[in-house]
Amino acid sequence: MAHTRKSSKKSHAVDTLTPQVPRSNYFHLQEEKQRLQMKKFLLDRMFLVASIHENVDKQAIADYYEHTFQTILKYHVGEGVTGLLLIYPTSVLHILESSNGTLLRILLDYVKQEKDHEEFLIQNVKIVTVSHDVPSRIFLHWHMSVINVPVIYLDDVTQSLSLNEVLTDFLTLTHKLGLYIFKTVKVGTKTLGDNLHLVVPDLLLSEQIIKYLCRAEELMDPATFLNMYSKPIHITLDSEVVWPAPTRF
């Protein structure tokens, strides 16, 4: 009997010293993968266009955004910005992916810069569209490329198109370009090079379309967008604060 107790104690001691290797299966691995992919915030995607001066320093534009992203990241930890910045000779196409709060701060910073500087790097910014709660990112990083397309004087095709037709072309091509970058660009690569117009000419928007959208009065600038965003949805009418309350039929 005593021998059995000693053997039991010894066996228990060995069990406690033996490292416990977790047993798993494919289902557990899928659950862990899904848990790691759970978003801590709702992901939004914003499409912007803007005008720039022809002689502006293109690298200064990229540096401005890099600095802005790093500053905002201090207040929105873990809500990094990914997307695409295409700098044409006199215009800019910008796609941003991040949380709603981060995107709003980017717009606020632009409005501040525009007020503080008479000739800011980026002008006539227009918000083409904002997609809320998108399922996943298209871009793994924030990519930048300068589009050095030779100036060719062609007829402006946008003159014969409606705004809806131009927007359809805009969203179709930008989506295809985003998928191409997602599938072909290596992880960790931020700079796409300055020869996209040679590699994928069919996936690049013409600068005519970007300029057309910059002039479109139907699209909001950041200041108007932020003003509308901050307004209350439910407005209290004067008739609702009198007593006795009016009867409505």
Side-chain angles (χ1 to χ4, degrees), residues 39-132 134 137-148 174 177-178 181-182 185-196 205 207 210 213-214 219-227 229-230:
K39 296 181 292 185
K40 297 180 180 179
F41 56 89
L42 296 180
L43 182 65
D44 290 354
R45 184 178 298 123
M46 180 180 290
F47 295 78
L48 304 170
V49 292
S51 301
I52 59 174
H53 290 297
E54 188 172 3
N55 58 350
V56 71
D57 184 2
K58 306 298 192 294
Q59 186 58 45
I61 298 175
D63 292 342
Y64 160 71
Y65 279 113
E66 288 277 5
H67 175 73
T68 303
F69 297 160
Q70 293 299 324
T71 302
I72 295 175
L73 192 59
K74 298 176 182 178
Y75 303 95
H76 294 261
V77 179
E79 302 177 13
V81 180
T82 58
L84 175 66
L85 174 65
L86 297 182
I87 305 178
Y88 289 78
T90 58
S91 61
V92 165
L93 164 63
H94 204 180
I95 306 173
L96 297 166
E97 298 176 328
S98 191
S99 68
N100 180 263
T102 299
L103 296 181
L104 289 179
R105 278 187 172 268
I106 293 173
L107 295 179
L108 283 168
D109 187 85
Y110 166 77
V111 173
K112 180 180 180 301
Q113 296 293 338
E114 191 179 34
K115 290 181 179 178
D116 294 345
H117 300 85
E118 185 176 349
E119 289 290 334
F120 187 50
L121 295 169
I122 310 159
Q123 300 175 344
N124 301 324
V125 175
K126 290 293 182 69
I127 300 171
V128 180
T129 186
V130 182
S131 302
H132 297 286
V134 296
R137 296 178 187 264
I138 295 179
F139 304 96
L140 300 178
H141 301 280
W142 183 72
H143 304 281
M144 189 273 289
S145 178
V146 177
I147 308 300
N148 293 315
T174 51
L177 179 61
I181 294 173
F182 179 80
V185 176
K186 296 180 180 179
V187 177
T189 303
K190 291 187 177 182
T191 303
L192 300 176
D194 298 339
N195 61 342
L196 276 180
L205 285 165
E207 192 172 18
I210 298 176
L213 294 175
C214 289
L219 301 181
M220 290 187 184
D221 59 83
T224 305
F225 179 85
L226 291 170
N227 184 46
Y229 186 87
S230 60

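Shortest non-hydrogen contact noted between Ile122 and Ile52 is CA-CG2, 4.4 Å. Minimum heavy-atom separation, Thr82 to Leu140: CG2-O, 3.7 Å. Shown here for Ile127 and Pro222, the closest heavy-atom pair between the two residues is CD1-CA, 4.2 Å. When all heavy atoms are compared, the tightest approach of Met46 to Val130 is CE-CG2, 3.8 Å. Between Val146 and Lys58, the shortest heavy-atom distance links the atoms CG2-CB, 4.1 Å.
With sequence neighbours excluded, the residues that form a side chain to side chain donor-acceptor pair (under 3.5 Å) with Asp63 are Gln59. Taking Tyr64 as the reference, Phe120 meet the ring-ring contact (aromatic ring centres under 6.0 Å, His included) condition, with sequence neighbours excluded. Partners of Arg137 according to the salt bridge (charged side-chain N to carboxylate O under 4.0 Å, His left out) rule, which considers only residues two or more places apart in sequence or in another chain, do not exist here.
Rounding to the nearest 0.5 angstrom, the gap separating the CG atom in Leu121 from the CD1 atom in Ile87 is 9.5 Å. Expressed to the nearest 0.5 Å, how far OH of Tyr65 lies from CD of Gln70 amounts to 15.5 Å. Phe139 CZ to Leu177 CG: the interatomic distance, rounded to the nearest 0.5 Å, is 6.5 Å. Ile210 CD1 to Asn124 CG: the interatomic distance, rounded to the nearest 0.5 Å, is 13.5 Å. Going from atom CD1 of Ile106 over to atom CD1 of Ile72 covers 4.5 Å, rounded to the nearest 0.5 Å. Leu103 contributes atom CG, which lies 6.0 Å from atom CG of Asp44 (distance to the nearest 0.5 angstrom).
Two residues are said to be in side-chain contact when any heavy atoms from C-beta on lie closer than 4.5 Å; Tyr75 and Thr102 fail this criterion. For the pair Arg105 and Thr71, the minimum side-chain heavy-atom distance is 4.5 Å or more. Contact of the Asn100 side chain with the His132 side chain is registered, since non-hydrogen atoms from C-beta on lie closer than 4.5 Å. At a threshold of 4.5 Å between non-hydrogen side-chain atoms, the residues Glu66 and Met144 do not count as touching. Tyr110 is not listed as a side-chain neighbour of Leu48, based on a closest heavy-atom distance of 4.5 Å or more. When side chains are defined from C-beta on, Ile147 does not count as touching Glu207, because their heavy atoms never get closer than 4.5 Å.
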(message) Let's go through Ile138 and Glu97 carefully: what are the C-alpha distance in whole Å and the side-chain angles of both, what is the deciding distance for side-chain contact (heavy atoms from CB on, under 4.5 Å) to 0.1 Å, and is it a yes or a no?
(response) CA-CA 8 Å; Ile138 295 179; Glu97 298 176 328; 3.5 Å; yes
(request) Please step through side-chain contact (heavy atoms from CB on, under 4.5 Å) for the pair Leu86 and Leu205, ending with a clear verdict. (result) CA-CA 10 Å; Leu86 297 182; Leu205 285 165; over 6 Å; no
(request) Start with the C-alpha distance between Glu114 and Val125, add both sets of side-chain angles, then the distance that settles side-chain contact (heavy atoms from CB on, under 4.5 Å), and finish with yes or no. (result) CA-CA 10 Å; Glu114 191 179 34; Val125 175; over 6 Å; no
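Between His94 and Phe69, the two ring planes are tilted [angle within 30° to 60°].
Side-chain contact check for Glu79 and Ser98: no donor-acceptor pair (N or O, by modelled atom type) lies under 3.5 Å.
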